[in-house]
Amino acid sequence: MAVTTSDLADQLAEDGLEARVAAVGKSISRPEHQREVLRIATLLAYVSGGISDDERKVLDGLAAGFKTEQAAVDEIVKAFEAPVKKKKP
């Protein structure tokens, strides 16, 4: 696992974040798969302590690569926030 993580980190450092996000955007063509990628990316960002500005930029970059409207990202983010807000005392 450490080797895989290291390889991914090396690729990111070599290519840059924007290029990696663009590559994902180009490689996933089916709308239902694009939406699922956005949902999983949002989940990962959310469980790491909330969606940071940098993570939100990645989500927005994915949406742009998918040619998905910004409102779709907003909707997915709100879907994750709603259950968490209900659980807080």
Side-chain angles (χ1 to χ4, degrees):
M1 184 69 154
V3 173
T4 302
T5 304
S6 177
D7 289 345
L8 292 172
D10 290 345
Q11 287 176 354
L12 178 60
E14 184 178 316
D15 297 343
L17 181 60
E18 288 182 19
R20 300 303 301 167
V21 170
V24 172
K26 290 178 184 175
S27 66
I28 302 171
S29 59
R30 295 179 69 178
E32 62 271 20
H33 294 168
Q34 293 170 343
R35 185 165 181 82
E36 194 61 20
V37 166
L38 286 170
R39 289 182 67 233
I40 292 168
T42 302
L43 173 63
L44 290 171
Y46 202 79
V47 299
S48 70
I51 300 171
S52 70
D53 291 341
D54 288 338
E55 290 167 328
R56 181 57 194 238
K57 288 177 188 174
V58 170
L59 295 172
D60 293 341
L62 286 170
F66 296 153
K67 296 182 178 36
T68 299
E69 297 210 11
Q70 187 66 41
V73 177
D74 295 338
E75 178 184 316
I76 292 168
V77 168
K78 285 180 186 174
F80 281 99
E81 290 175 345
V84 173
K85 286 181 181 177
K86 285 182 183 178
K87 290 182 181 180
K88 289 185 178 179

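For the side chain to side chain contact (heavy atoms under 4.5 Å, CB included) test with Ile40, the passing option among Leu44, Thr42, Leu43 is Leu44; the others fail. Just one residue in the list Thr68, Leu62, Leu59 forms a side chain to side chain contact (heavy atoms under 4.5 Å, CB included) with Val73, and that residue is Leu59.
Ion pairing of Glu36 with Arg39 is present here, as a side-chain N (NZ or NE/NH1/NH2) and a carboxylate O approach within less than 4.0 Å. The pair Asp53-Lys57 does not count as a salt bridge, with every side-chain nitrogen at least 4.0 angstrom from each carboxylate oxygen.
Between Ala63 and Leu38, the closest heavy-atom pair is N-CD2, 4.1 Å. Between Phe66 and Val37, the shortest heavy-atom distance links the atoms CZ-CG1, 3.9 Å. Considering every non-hydrogen atom in both Gly50 and Glu55, the closest pair reads O-OE1, 3.1 Å.
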Exercise for review: Kindly indicate, with the supporting measurements, whether the criterion side-chain contact (heavy atoms from CB on, under 4.5 Å) is fulfilled by Gln11 and Leu8.
Suggested key: CA-CA 5 Å; Gln11 287 176 354; Leu8 292 172; 3.8 Å; yes
Point to revise | Residues Asp60, Arg56; criterion salt bridge (charged side-chain N to carboxylate O under 4.0 Å, His left out); working and verdict | key: CA-CA 6 Å; Asp60 293 341; Arg56 181 57 194 238; 3.0 Å; yes
Exercise for review: Go through the steps for Glu69 and Glu75 under the test side-chain contact (heavy atoms from CB on, under 4.5 Å), then give the verdict.
Suggested key: CA-CA 10 Å; Glu69 297 210 11; Glu75 178 184 316; over 6 Å; no
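Not counting sequence neighbours, Gln34 has no partner by the side-chain hydrogen bond (donor to acceptor under 3.5 Å, both in side chains) test.
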